[in-house]
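Read through the structure below, which is laid out as structure tokens, and then see the notes.
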Amino acid sequence: SDSRKKVCSCKKSRCLKLYCECFAAGEICSGCKCVDCANDGDHEDMRLQAVDTIKQRNNNAFAPKIVDEIQQDKGMHARGCRCKKSHCLKKYCECYQAGVQCTDKCKCEECQN
DNA sequence: GAGTTTGAAACT
DNA sequence: CAGTTTCAAACTC
Ligand SMILES: [Zn+2]
Ligand SMILES: [Zn+2]
Ligand SMILES: [Zn+2]
Ligand SMILES: [Zn+2]
Ligand SMILES: [Zn+2]
Ligand SMILES: [Zn+2]
């Protein structure tokens with residue numbers, strides 16, 4: 001009943017890769033427009049296997065995308081965008097999307113954020 | 001709503 | 001690690 005809830009529209013990933021924002025956030029798809037969804041609560045074996053595979057590739061894949069300096073000093077890994085064309089001034093940029101400035105961790109080009 | 005752009009995620 | 005491809009959201013019209 002919260003019409004503001006974000007929904008995905010994945011067509012190829014079955015909502016089992018980080019391409020899917022629901023899966024990436026650890027949320028079950030609900031009200032989404034995805035096709036052949038396996039992130040629906042009824043395929044937990046597949047979902048847990050996918051989480052495991054992705055964690056093997058990148059152990060902090062499910063860590064928060066934006067990490068402040070305080071949490072960074074506590075050892076949390078900071079990411080950083082690699083934008084080339086958006087000048088980090090559109091939501092294509094995860095830093096801009098999160099409302100934070102780019103940092104020295106970013107490898108963006110012609111950054112205006 | 002359809003088509004394009006973008007860069008993270010995935011793959012090789 | 002670097003180069004390439006895939007993907008779905010952001011954006012444009
Ligand atoms: Zn999805
Ligand atoms: Zn979803
Ligand atoms: Zn789904
Ligand atoms: Zn950026
Ligand atoms: Zn950035
Ligand atoms: Zn930037």
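Chain A is the first sequence line, chain B the second, and so forth, proteins listed ahead of strands; every chain is numbered from 1. Remember, predicted model here, so these are calculated numbers, not experimental data.
Of the possible polar contacts, none joining the Asp40(A) side chain to the Cys29(A) backbone as a donor-acceptor pair under 3.5 Å is found. Using modelled atom types, no side-chain atom of Asn39(A) and backbone atom of Arg14(A) make a donor-acceptor pair closer than 3.5 Å. Here the side chain of Lys5(A) pairs no donor or acceptor atom with the backbone of Gly31(A) at under 3.5 angstrom.
Rounded to whole Å, the distance from CZ on Phe62(A) to P on dA9(B) is 10 Å. The nearest whole Å value for the distance from the NZ atom in Lys55(A) to the C1' atom in dA9(B) is 17 Å. Look at CZ on Phe23(A): it is 8 Å from P on dA10(B), rounded to the nearest Å. The interatomic distance linking Gln56(A) (CD) with dA9(B) (C1') rounds to 16 Å, in whole Å. Rounded to whole Å, atom P of dC11(B) lies 12 Å from atom CG of Leu16(A). One interatomic measurement links the two molecules: CZ of Arg82(A) to C1' of dA2(C), which rounds to 11 Å at whole-angstrom precision. When the C1' atom of dT6(B) is taken as reference, atom OH of Tyr19(A) falls 13 Å away, rounded to whole Å. The distance from atom NZ of Lys33(A) to atom C1' of dA9(C) is 12 Å, rounded to the nearest whole Å.
In the region residues 89-105 of chain A, proximity to DNA chain B at under 4.0 angstrom, judged on heavy atoms, holds for Tyr92(A), Glu94(A).
Under the 4.5 Å side-chain criterion, counting only non-hydrogen atoms from C-beta, Cys22(A) is in contact with Cys32(A).
Here dA8(B) is the nucleotide among dA8(C), dA8(B), dA10(B) with the atom lying nearest to any side-chain atom of Cys81(A). In the set dA8(C), dA9(B), dA9(C), dA9(B) carries the atom at the smallest distance from any side-chain atom of Arg79(A). Closest approach to the Cys8(A) side chain among dA9(C), dA8(B), dC7(C) is made by dA9(C) (side chain taken as heavy atoms from C-beta onward). Across dT6(B), dA9(B), dA10(B), the shortest atom-to-atom separation from the side chain of Lys85(A) is found for dT6(B).
Shown here is Glu44(A), whose CD atom has more than 12 heavy atoms of other residues, nucleotides or ligands within 6.0 Å.
Phosphate contact (OP1/OP2 of dA10(C), side-chain N/O of Ser86(A), threshold under 4.0 Å): absent. Taking 4.0 angstrom as the limit, Ser9(A) places a side-chain polar atom (N or O) nearer than this to OP1 or OP2 of dA9(C).
Here the straight-line distance linking atom SG of Cys10(A) with atom CD of Glu21(A) works out to 8.0 Å at 0.5 Å rounding. A distance of 10.5 Å separates CD of Gln101(A) from SG of Cys106(A), quoted to the nearest 0.5 Å.
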